[in-house]
Number of protein chains: 2
Amino acid sequence: MALRIYSKQREQVLETVKSMDPHPSADDVYHRVRRRLPHISLGTVYRNLNQLVETGDLSCVRDGKMVRYDWETGHHQHFRCELCGVLQNVKVSNKEIMNLLSQYSGMIINEIDLEIKGVCGDCSERN
Amino acid sequence: MALRIYSKQREQVLETVKSMDPHPSADDVYHRVRRRLPHISLGTVYRNLNQLVETGDLSCVRDGKMVRYDWETGHHQHFRCELCGVLQNVKVSNKEIMNLLSQYSGMIINEIDLEIKGVCGDCSERN
DNA sequence: ATAAGAATAGTAATCGTTACTATTCTTATT
DNA sequence: AATAAGAATAGTAACGATTACTATTCTTAT
Ligand SMILES: [Mn+2]
Ligand SMILES: [Mn+2]
Ligand SMILES: [Zn+2]
Ligand SMILES: [Zn+2]
């Protein structure tokens with residue numbers, strides 16, 4: 001892996017994501033960044049997107065079998081419309097989730113999908 | 001499509017999932033069900049797992065780029081251990097999530113990943 | 001200017017899953 | 001029990017998102 005050095009490709013990938021609608025896929029970014037760098041390859045876009053997530057310059061979110069990228073790096077959750085499929089950011093601290101759930105009476109909330117991440121009992125003992 | 005008729009393959013897929021550890025992948029089910037039906041094909045396992053989810057006999061949960069299946073069909077959420085990767089069921093009504101988050105002081109909760117599903121503003125207007 | 005080694009473009013490979021197709025099985029009707 | 005319509009199957013090919021590979025180009029410290 002080693003040190004990270006400058007490349008115009010990485011710079012453009014980052015700038016491009018920041019200029020796009022929320023949550024573009026790697027392919028979305030690829031096609032958009034090609035306007036400025038017509039010879040950039042899809043692999044380069046993937047590599048740089050993933051590096052930018054590692055460095056914290058971007059975040060990402062799974063969407064089915066696809067990953068989408070996000071210039072919003074702060075803690076936030078997502079709202080999925082079951083009709084049009086749009087994925088919207090919902091900025092909310094974890095401790096306000098219950099408030100959110102009751103507060104969003106304007107939105108019709110049918111279901112939530114929560115994954116709690118942490119350390120399980122077995123691993124707690126083991127460490 | 002069309003009416004669903006009996007097949008011993010579907011019966012065994014369901015029974016096998018019910019007999020396995022939680023959240024087997026399609027491939028896990030395939031290998032286990034092969035003990036009883038050595039000639040079953042992977043496509044048949046996939047088709048039947050998905051049908052069983054449709055009929056509500058099973059549920060499923062995404063795990064990265066893979067889907068895992070679940071004989072627990074009631075509303076529940078999941079806990080992911082960040083050390084060993086285990087995916088555990090957490091039975092909790094949506095309205096008790098806040099309680100859960102504070103109550104599970106025994107587990108070290110580092111992060112939550114919440115997807116709220118419903119109907120967005122645009123779609124609400126449109127309907 | 002040079003050299004070491006990151007990063008790249010282009011392509012092949014991977015992997016979970018779905019699609020396809022000829023054949024077999026289930027079920028309702030006689 | 002024999003028949004016929006059409007589900008379901010086994011086996012295989014194809015798919016789509018992503019990663020791996022490799023020869024070449026670019027960046028940066030000296
Ligand atoms: Mn987001
Ligand atoms: Mn579960
Ligand atoms: Zn919508
Ligand atoms: Zn663990």
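All values below were derived from every heavy atom in this structure, side-chain atoms included, with hydrogens, water molecules and symmetry-related copies excluded. No experiment lies behind these values; they were computed from the predicted model shown.
Side-chain polar atoms of His23(A) and Asp28(A) form no donor-acceptor pair below 3.5 angstrom. There is a side-chain donor-acceptor pair under 3.5 Å between Thr55(B) and Asp57(B). Donor-acceptor pairing under 3.5 Å is lacking for the side chains of Tyr46(A) and Asp27(A). Judged by distance alone, the side chains of Tyr30(B) and Arg34(B) do bring a donor and an acceptor atom under 3.5 Å apart.
A 3.5 Å limit on both hydrogen-bonding distances identifies dT12(D) as the Watson-Crick or G-U partner of dA19(C). The partner of dT25(D) is dA6(C), by the rule that a Watson-Crick or G-U pair needs both atom distances under 3.5 Å. Under the Watson-Crick or G-U wobble criterion, with both distances below 3.5 Å, dT30(D) is paired with dA1(C).
The side chain of Asn48(A) has dT8(C) as its nearest neighbour among dT8(C), dT27(D), dT17(C). The side chain of Leu42(B) lies closest to dT17(C), out of dA9(C), dT17(C), dT18(C). Nearest to the side-chain atoms of Ile5(A) among the listed nucleotides dT26(C), dT17(C), dT28(D) stands dT28(D). Of the candidate nucleotides dT27(D), dA10(D), dT18(D), dA10(D) has the atom lying nearest to any side-chain atom of Gln9(B). Closest contact between the side chain of Lys65(B) and the listed nucleotides dT17(C), dT19(D), dT26(C) involves dT19(D).
Distances shown here put every side-chain N or O of Gln51(B) at or beyond 4.0 Å from the OP1 or OP2 atom of dA7(D). OP1 or OP2 of dT8(C) has at least one side-chain nitrogen or oxygen of Ser7(A) nearer than 4.0 Å. In this structure, Tyr46(B) does not reach the dT18(C) phosphate: none of its side-chain N or O atoms is under 4.0 Å from OP1 or OP2. Between Asn50(A) and dT18(D) there is no side-chain N or O to OP1 or OP2 distance below 4.0 Å. Proximity of Arg47(A) to the phosphate of dT19(D): no side-chain N or O atom is located under 4.0 Å from OP1 or OP2. Contact annotation: Thr44(B) side-chain N/O to dA10(D) OP1/OP2 distance is under 4.0 Å.
Rounded to whole Å, atom P of dA29(D) lies 15 Å from atom OH of Tyr6(A). Atom CZ in Arg10(A) sits roughly 8 Å away from atom C1' in dA7(C) (whole-Å rounding). Rounded to whole Å, atom P of dA4(D) lies 22 Å from atom CG of Leu3(B). Distance NZ (Lys8(A)) to C1' (dA6(C)): 14 Å, rounded to an integer number of Å. When rounded to the nearest whole Å, the span between CZ of Arg4(A) and C1' of dC26(D) equals 17 Å. As rounded to whole Å, 11 Å separates atom P of dT26(C) from atom CD of Glu11(B). We find that CG of Asp63(B) is positioned 16 Å from P of dC15(C), with the value rounded to whole Å. In this structure, Gln12(A) places its CD atom 16 Å from C1' of dA7(C), rounding to the nearest Å.
Under the side-chain hydrogen bond (donor to acceptor under 3.5 Å, both in side chains) rule, Asn89(A) has a single partner from Gln77(A), Glu72(A), His78(A), which is His78(A).
Side-chain atoms of Arg4(B) and Arg10(B), non-hydrogen and from C-beta on, do get closer than 4.5 Å to each other.
Both Val67(B) and Ile40(A) sit near DNA chain C, but only Ile40(A) has its closest nucleotide nearer the 5' end.
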